[in-house]
Amino acid sequence: MDFPENEKKSLNFIESIIEEDLTTNKNQGRVHLRFPPEPNGYLHIGHAKSICLNFGLANEYNGLCNLRFDDTNPEKEDVEYVDSIMEDIRWLGFQWDDGPKYASDYFQQLYEWAIQLIKEGKAYIDEQPQELISEQRGVPTRPGINSPYRNRPIEESLDLFTRMKNGEFETGAMILRSKIDMSSPNMHMRDPIMYRILHQTHHRTGDDWCIYPMYDWAHGQSDYIEGITHSVCTLEFEIHRPLYDWALDQIVEGDYRPRQIEFARLNLSYTVMSKRKLLQLVKDNYVNGWDDPRMPTISGFRRRGYTPESIRNFADRIGVAKRDNVIDVSLLEFSVREHLNQVAPRAMAVIDPVKVIITNYPENDVEDLELANNPNDENAGTRKVPFTRDIYIERDDFMEDPPKKFFRLGPDREVRLIGAYIIKCDGFKKNDNGIVEEIYCTYDPDTKSGGSGAKRKIKGKAIHWVSAENAIDAEVRLYDRLFIDENPDGHKEKDFKEFLNPDSLKVLNNCKLEQSLKSVVAGDKIQFQRLGYFCVDKDSTENMLVVNRTVPLRDSWGKTK
RNA sequence: UGUCCGAUGGUGUAAUGGUAGCACUGCAGAUUUUGAUUCUGCCUGUCCAGGUUCGAGCCCUGGUCGGACAACCA
């Protein structure tokens with residue numbers, strides 16, 4: 001125990017509400033949440049925050065959490081998105097209770113409630129053109145005016161609504177509005193639209209319906225039907241809450257009633273989060289699909305090599321509150337490094353190779369060295385790595401004329417080859433273009449790792465290497481942030497795409513990996529020592545391994561350079 | 001000249017009238033066969049003005065600043 005026994009864990013404001021409700025036995029002490037995505041795009045890291053929140057809360061309070069697709073707009077929705085959303089939630093490690101739900105499951109009930117409202121004189125059919133209706137609605141600072149159809153006879157509205165449903169009118173010809181208050185300071189209360197005509201095939205209900213309920217006439221009711229107690233959503237719905245409550249007032253019987261609670265959505269620095277903008281990046285080929293490793297989508301992070309644990313930890317750390325926030329991407333990167341540091345086996349890879357010839361090493365000898373898979377974790381075991389006369393090292397681990405603080409290879413300098421020997425540079429050869437082609441070294445046979453002279457101190461650091469004869473060829477994809485601006489969509493005069501990072505993807509084709517990596521499969525995560533965490537990409541073929549860099553290691557040298 | 005919401009270090013987030021804490025970032029240092037990890041230390045904060053109170057980041061009043069709202073989107 002790190003803390004006194006009666007010290008309470010601090011609660012976020014939603015937990016406080018739930019605990020308060022629990023102590024008053026509200027809704028018979030039930031806790032039932034839901035995650036309600038619209039299937040019109042792929043889930044992103046902002047959704048991950050919401051998913052972790054809702055499912056996490058259910059977990060914490062022994063409650064339930066539904067997955068409900070808010071599929072009331074067939075124009076934008078598609079099963080492709082339904083499938084990807086379910087896959088992403090499962091991957092994150094959550095399970096919804098009792099099968100996926102759909103707002104479209106409730107179309108009949110919603111329709112009947114609408115009829116009830118018409119009969120009660122609380123809803124009417126308006127057949128004015130859209131522009132007129134919008135004009136009459138007024139502006140936030142000025143009240144609207146009543147529609148001339150506002151007081152049309154109930155029988156007439158009933159008849160029209162039935163005919164709307166039966167497909168007698170064209171898309172957009174008329175709407176069903178609730179009769180609330182055209183002078184309300186809250187725009188959403190000015191006789192909001194409940195139903196519109198949409199001759200559009202729905203991905204689940206097909207052509208059963210040609211009228212579709214609006215969000216505000218579906219969401220609270222769906223919550224009510226499912227027995228949701230705490231309906232958690234993002235801040236932009238705050239102003240809808242009076243309408244949410246109004247809709248509930250029309251249908252609630254008994255003590256149970258869901259409550260809407262709003263929290264601030266996640267914003268991440270150096271990225272965009274709006275579905276519309278992400279869709280644009282995909283559709284206009286600025287990235288290679290929704291799961292492009294540069295995308296802030298859950299599938300993008302998955303392909304990039306992020307783990308569900310790291311995303312869940314991230315979600316825990318960012319907290320939940322109502323103030324607008326911009327989370328530094330470095331926190332996400334910290335979370336993934338933290339987890340991968342524990343679980344990713346280490347290996348050596350040279351991504352920008354230059355050949356080193358160890359001139360005093362026997363030409364055809366091969367030594368099988370036994371290296372730890374994770375020097376920080378004995379349980380990770382060991383692997384065999386072949387050592388030979390010709391090896392590759394990283395081009396930037398050698399300098400012809402190195403400064404004092406450069407602790408790697410250079411003329412007359414010594415470095416330790418990780419898990420092998422100390423070598424000393426005796427010379428090098430350049431090609432006609434002045435590029436270093438070969439580096440000549442001698443090794444000190446007494447300094448073999450684990451051997452008697454292994455502890456010999458040198459000024460140089462340890463560097464990674466790969467046996468030239470035994471290397472595996474690979475393509476390495478180096479990803480960097482997609483945008484060069486901290487807040488790409490925060491500029492009024494400039495389109496967010498102007499801030500796209502031209503170097504967000506660098507493909508390296510001449511990379512050399514150690515032999516032990518030949519059996520990796522897509523999704524495997526490895527730390528390439530001194531380089532970063534990498535993940536085998538699904539584009540890999542039998543002939544060419546493709547590896548994504550998830551995130552580089554922290555680099556205090558790179559900063560001081 | 002509307003309604004609603006918000007304001008704590010560079011970034012997030014706690015403190016629920018009683019010592020402003022934690023994490024990330026940044027900066028130093030120790031250890032290191034990964035310039036990683038690990039460990040240690042440091043920097044930096046209650047939007048402003050009044051009021052209530054023995055005591056206010058917290059309660060009240062007034063300002064300031066920021067966000068949301070005028071789709072037949074969600």
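What you see below is based on every heavy atom in this structure, not just the backbone, and it leaves out hydrogens, waters and symmetry mates. Just so we're on the same page: letters track the sequence lines, and every chain starts at 1.
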Per-nucleotide protein contact string for nucleotides 65-74 of chain B, where B marks a base within reach and S marks sugar-phosphate only (heavy atoms under 4.0 Å, - for neither): --SBBB-BSB

Contact letters for nucleotides 33-42 of chain B, in which S counts primed atoms plus P, OP1 and OP2 and B counts the base, heavy atoms under 4.0 Å: BBBBB-----

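For A:R204, the side chain to side chain donor-acceptor pair (under 3.5 Å) partners at least two apart in sequence or on another chain are A:S104, A:D105. For A:H188, the ring-ring contact (aromatic ring centres under 6.0 Å, His included) partners two or more places apart in sequence, or in a different chain, are A:H240. Residues satisfying the side chain to side chain donor-acceptor pair (under 3.5 Å) criterion with A:S231, sequence neighbours excluded, are A:R34, A:D223. Every ring-ring contact (aromatic ring centres under 6.0 Å, His included) that A:Y224 has, sequence neighbours left out, goes to A:Y256. When the ring-ring contact (aromatic ring centres under 6.0 Å, His included) test is applied to A:Y102, the partners found at least two apart in sequence or on another chain are A:F69. Among residues two or more places apart in sequence or in another chain, the side chain to side chain donor-acceptor pair (under 3.5 Å) test is passed with A:R163 by A:D159, A:E168. With sequence neighbours excluded, no residue forms a side chain to side chain donor-acceptor pair (under 3.5 Å) with A:Y195. Checked against ring-ring contact (aromatic ring centres under 6.0 Å, His included), A:Y443 has the following partners two or more places apart in sequence or in another chain: A:Y361, A:Y421.
Atom CG in A:D328 sits roughly 14 Å away from atom P in B:G10 (whole-Å rounding). Rounded to whole angstrom, the span from the CZ atom of A:F263 across to the P atom of B:U13 amounts to 12 Å. The CG atom of A:N487 sits 18 Å away from the P atom of B:G10 (whole-angstrom rounding). Straight-line distance from the CD atom of A:E262 to the C1' atom of B:C5: 9 Å, rounded to whole Å. The NZ-P distance, from A:K322 to B:G12, rounds to 18 Å in whole Å. Distance, A:E486 CD to B:U25 P: 15 Å, rounded to whole Å. Atom C1' of nucleotide B:G12 and atom CG of A:N267 are separated by 12 Å, given to the nearest angstrom. Atom CZ of A:R323 and atom C1' of B:U46 are 11 Å apart (whole Å).
Rounded to the nearest Å, the gap between the C1' atom of B:U16 and that of B:A56 is 13 Å. Distance check on atom C1': B:G66 versus B:C47 gives 11 Å, rounded to whole Å. For the P atoms, the distance from B:U46 to B:A7 is 15 Å, rounded to whole Å. Comparing the same atom, P, in B:A14 and in B:A71 gives a spacing of 34 Å after rounding to whole Å. Annotation: B:U52 and B:U61 have their P atoms spaced 15 Å apart (nearest Å). Taking the C1' atoms as reference points, B:A49 lies 40 Å from B:A28, given to the whole Å. Going from the C1' atom of B:U33 to that of B:U40 covers 23 Å, rounded to whole Å. The gap from the P atom of B:A20 to that of B:G12 amounts to 24 Å, rounded to the nearest Å.
For A:F314 and A:F334, the gap between ring centers reaches or exceeds 6.0 Å.
Between A:R152 and A:D126 there is no salt bridge, since no side-chain N of the basic residue sits under 4.0 Å from a carboxylate O of the acidic one.
For the residue pair A:D70 and A:H219, a side-chain donor N or O sits within less than 3.5 Å of a side-chain acceptor on the partner. With 3.5 Å as the limit, one finds a donor-acceptor pair spanning the side chains of A:Y124 and A:D191. Side-chain contact check for A:E226 and A:N66: at least one donor-acceptor pair (N or O, by modelled atom type) lies under 3.5 Å. Judged purely by distance below 3.5 Å, without hydrogens or angles, the side chains of A:H339 and A:T307 pair a donor atom with an acceptor atom.
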CA sep, side-chain torsions, deciding dist, call: A:R530, A:D397, salt bridge (Lys or Arg N to Asp or Glu O under 4.0 Å): CA-CA 11 Å; A:R530 301 210 305 134; A:D397 279 341; 2.2 Å; yes

Give each protein N/O atom lying under 3.5 Å from an N/O atom of nucleotides 57-60 of chain B, with the pair distance.
none

Nucleotide pairing, RNA chain B (Watson-Crick or G-U, distances under 3.5 Å), in dot-bracket with [ ] and |: .((((((..((((....[..)))).(((((.......)))))....(((((..]....))))))))))).....

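In B:A15 the O4'-C1'-N dihedral to the base is more than 90° from 0, which defines an anti nucleotide.
In this structure, A:I327 and A:R142 both approach RNA chain B, and ranking their closest nucleotides by distance from the 5' end singles out A:R142.
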